[in-house]
2 protein chains.
Amino acid sequence: MKRIYRQDTICAPISGMGGAIMMVRLSGNNAISLAEECFIPKNKSLSLTKSETHRVYFGDLMDDSLLLDECLLTVFAENHSYTGEQSVEFGLHASPFILQQLLSLLIRKGARMADPGEFTLRAYLNGKMDLTQAESVADLISSTSRSAHRAAITQLKGNFSKKLQLLRKQLLDFASLIELELDFAEEDVEFADRSRFLILLEEIKTEIETLIHSYKIGNVLKKGVPVAIIGKPNVGKSTLLNALLQEDKAIVSEIAGTTRDVIEDTINIQGVLFRFVDTAGIHNSLDQIEQLGIKRTFQKIEEARIVLLVVDSKEISDSSIEKIIQETKLSIDLKEQELIVLVNKIDEFPMKTNFESSFNWIPISAKSKFNIEQLENRLSKYVAQFKLEDQSIVTNARHLEALQHSHESLINISNGFKDNLPTDLISIDMRTCLYHLGSITGDISTDELLGNIFSHFCIGK
Amino acid sequence: MKRIYRQDTICAPISGMGGAIMMVRLSGNNAISLAEECFIPKNKSLSLTKSETHRVYFGDLMDDSLLLDECLLTVFAENHSYTGEQSVEFGLHASPFILQQLLSLLIRKGARMADPGEFTLRAYLNGKMDLTQAESVADLISSTSRSAHRAAITQLKGNFSKKLQLLRKQLLDFASLIELELDFAEEDVEFADRSRFLILLEEIKTEIETLIHSYKIGNVLKKGVPVAIIGKPNVGKSTLLNALLQEDKAIVSEIAGTTRDVIEDTINIQGVLFRFVDTAGIHNSLDQIEQLGIKRTFQKIEEARIVLLVVDSKEISDSSIEKIIQETKLSIDLKEQELIVLVNKIDEFPMKTNFESSFNWIPISAKSKFNIEQLENRLSKYVAQFKLEDQSIVTNARHLEALQHSHESLINISNGFKDNLPTDLISIDMRTCLYHLGSITGDISTDELLGNIFSHFCIGK
């Protein structure tokens with residue numbers, strides 16, 4: 001769907017600096033002729049305005065009579081570019097001086113600097129992508145793990161939108177029939193089959209609930225699956241974290257947690273980002289400050305999706321995991337959280353061969369890295385159960401909110417039918433539901449909504 | 001001139017990260033078919049290997065069956081690319097994850113990571129540019145002022161090389177005649193006209209001297225014209241520096257000097273970079289540490305091209321500039337350095353209307369910014385006298401060294417002829433001279449030389 005907007009010509013660098021080459025995009029109803037004023041192609045007889053789309057030309061970038069750079073220039077015709085407008089992309093030597101000169105040259109010739117996210121906004125306004133696709137561009141660029149990347153690229157491909165649009169279409173068809181009934185209200189006809197509609201409503205509600213539920217894992221994949229490493233002091237929690245860090249060949253970063261005494265490490269394991277929280281050791285303490293640390297530990301445990309309880313294999317020899325868990329006063333929600341007990345220092349204190357426990361446990365040696373790979377496989381398996389490949393995952397808080405509003409409306413509609421409310425009242429909820437579903441993909445949008453979304457983009461996106 | 005080398009397929013990012021888009025180049029004898037294995041164009045019937053050069057395609061970048069990104073792919077045919085080899089450039093979403101995956105994909109398919117500067121090295125080996133042009137690419141990218149940019153782009157366009165190649169050609173023609181004489185040594189013929197040759201030698205020597213001389217200004221333009229601000233304590237040196245900084249709309253940076261007590265500020269004035277050194281005040285001091293600072297001040301004054309001596313207009317009222325200069329024990333080489341006297345605080349102590357001095361002086365007020373623009377014009381004028389637009393400027397230490405060696409050889413050749421040395425001895429100097437001139441443009445090159453030059457490039461250049 002195309003929308004009307006002012007298609008003036010805008011420009012901005014679209015690549016970063018620091019390499020050999022930088023890219024500058026010029027887009028708008030005057031882009032090609034404007035570029036022609038600043039560019040002498042090697043083949044001087046060439047006219048950019050007559051060029052086919054997707055053609056690259058080598059030539060001189062001229063600031064009036066002054067040579068600014070040798071550059072590659074790509075021409076994209078209207079409807080065939082990222083923005084949907086006629087566009088030109090300059091590939092230049094990545095010099096801040098050249099960039100500065102080119103931008104001021106283009107502005108002098110009549111272009112203006114693009115606002116943050118304006119290229120993508122225009123792509124949306126021109127119907128080249130819907131809102132969820134536009135939003136996925138930012139997610140894709142910031143993705144640092146395979147799973148975050150997967151969620152973003154699935155969204156970029158429009159799978160999520162297609163699902164939503166299908167749901168909305170079904171609802172819309174039905175809503176039309178309801179509205180029709182309102183037009184013929186005096187004749188008291190029923191165009192829409194209520195029982196069929198109630199079944200449809202339930203189907204849509206279930207789908208939306210699945211999507212709402214997927215946000216938990218979607219958000220976690222984006223930011224990293226939170227894993228709390230807990231245990232008594234000196235059981236080897238930090239050694240374990242180091243062992244995991246060293247196993248990892250991918251992105252590793254250390255970020256300070258929200259509290260000064262909790263340190264988080266983000267580790268990419270088999271393509272999924274995990275956020276490990278190495279908590280203060282749990283033990284009875286009378287020291288007030290230590291007690292505070294322990295309180296925060298319990299808070300972190302609550303937030304975690306996976307809890308790694310590290311115990312010393314020496315302890316295990318005369319006790320049980322069950323007893324240790326009791327002692328540590330752990331309150332783990334086993335429905336929402338995964339508890340894995342790691343019996344550490346197995347190289348120093350081998351375990352009884354007949355050891356049994358009702359808990360999920362792995363014997364490890366953090367020091368000699370024994371079974372660390374098995375632990376990693378277990379962590380991956382936890383994420384794999386969500387069958388990410390098969391389903392659409394909501395990763396965006398805005399989408400979640402709209403889905404929740406839609407869900408509310410759906411319940412209102414169902415209840416309305418069940419309570420035999422007048423059709424015109426139900427129709428209001430129906431419109432609300434359609435509005436919220438439509439706002440996700442941008443089939444319905446307001447300037448405020450668009451402003452909110454695109455102002456968080458960077459210039460050049 | 002093309003050289004033989006192993007044209008295996010290499011890849012590297014050529015743009016920086018941090019934007020919306022990043023560029024990855026793949027170049028070598030297998031680039032296009034390799035790219036085809038990872039790319040599904042939107043128009044599925046398309047074959048990249050049959051594509052014309054300079055065509056851009058939109059499509060899916062595939063890591064086997066997994067979608068990695070939507071991307072633009074540009075095809076450059078052999079002899080029509082930057083490197084001169086068949087090349088492909090991917091325009092991707094600037095995600096570190098996608099970059100990492102694409103590079104490992106390309107490597108898995110048979111490419112290897114490009115060495116630093118290897119794309120430009122291949123451009124040189126394929127005769128797409130000579131060595132001075134290759135070197136200018138790095139200079140162009142790092143240029144931060146109009147004058148540094150101008151020197152680099154002039155060199156990129158090959159103006160400097162053309163001049164050198166012309167000189168070398170003239171010398172080579174003559175050397176051939178001399179060599180011919182050697183072949184016919186027993187017949188005692190003279191093919192080469194000695195007197196004409198001596199004139200030619202003088203011409204070439206003069207040209208090379210001009211180039212050697214240009215290095216002083218060339219190097220200064222690249223790094224910034226060094227300007228020392230000196231004067232007694234409290235005459236307003238720092239205020240002056242601040243006034244200049246505030247006037248400036250362009251790039252401003254503060255770099256720590258080589259000594260802890262000398263601070264340098266780089267300011268872009270009317271397109272030229274100036275490196276201002278705010279020196280410790282000059283005054284008689286018995287304090288050892290202060291004396292050290294003053295010693296360093298004198299050192300900085302020696303290195304400066306322009307010396308700004310700031311004096312207090314109050315002093316001028318009962319003294320002369322000449323006397324103040326005597327007092328400050330300034331030793332300025334007026335042949336090599338420009339001295340400008342700034343009579344400061346003119347708003348507080350107006351000068352006698354009949355004030356005269358044999359020195360170049362400007363009344364200013366650093367505080368109220370009176371006449372700061374006039375000072376800037378004066379600084380610009382200093383650089384303008386070198387008529388940068390008209391001449392080739394040597395900015396590269398390697399070129400300078402080769403020119404100096406050529407110059408030595410030329411003197412030896414002249415002297416040899418004057419002293420009637422045997423032709424075969426003179427011929428050795430001639431070859432030395434031709435070698436050094438040829439090494440600048442890379443008409444003559446060794447692996448060691450190329451290694452030295454390109455190892456200083458970054459990956460992707």
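A note on names: the letters A, B, ... follow the listed sequences, proteins ahead of strands, and every chain is numbered from 1.
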Region of [X] that comes under 4.5 Å of a non-hydrogen atom in chain A:
X	result
B/L140	both
B/S143	both
B/L72	side chain

Where on [X] is there a heavy atom nearer than 4.5 Å to chain B: the side chain, the backbone, both, or neither?
X	result
A/M23	side chain
A/I14	both
A/Q101	side chain

Next item on the list: Verify the ring-centre separation between B/H54 and B/F76: is it less than 6.0 angstrom?
Entry: yes
Chain B contacts, top residue of [options] (heavy-atom pairs, under 4.5 Å):
options	value
A/S142, A/P13, A/S15, A/G18	A/S15
A/V137, A/L68, A/T53	A/L68
A/E52, A/K461, A/R55, A/R25	A/R55

Return the minimal non-hydrogen interatomic distance between [X] and [Y], and the atom names on each side.
X	Y	answer
A/H93	B/L156	CE1-CD2, 4.0 Å
B/T9	B/G28	OG1-C, 3.7 Å
B/L106	B/C11	CD1-CB, 3.9 Å
A/F457	A/I453	CD1-O, 3.5 Å
A/G91	A/C71	O-CB, 3.3 Å

Check: Does a donor on one side chain sit under 3.5 Å from an acceptor on the other, for B/Y57 and B/T74?
Finding: no
Check: Which residues satisfy the side chain to side chain contact (heavy atoms under 4.5 Å, CB included) test with A/L67, sequence neighbours excluded?
Finding: A/D60, A/M62, B/I153, B/K157
Check: Quick one: which residues of residues 119-129 of chain A reach chain B at under 4.5 angstrom, heavy atoms only?
Finding: none
Next item on the list: Mark yes or no for whether A/Q86, through its side chain, and A/I32, through its backbone, hold a donor-acceptor pair below 3.5 Å.
Entry: yes
Next item on the list: Give, for atom CG of A/L102 and atom CG of A/D69, the distance between the pair rounded to the nearest 0.5 Å.
Entry: 9.0 Å
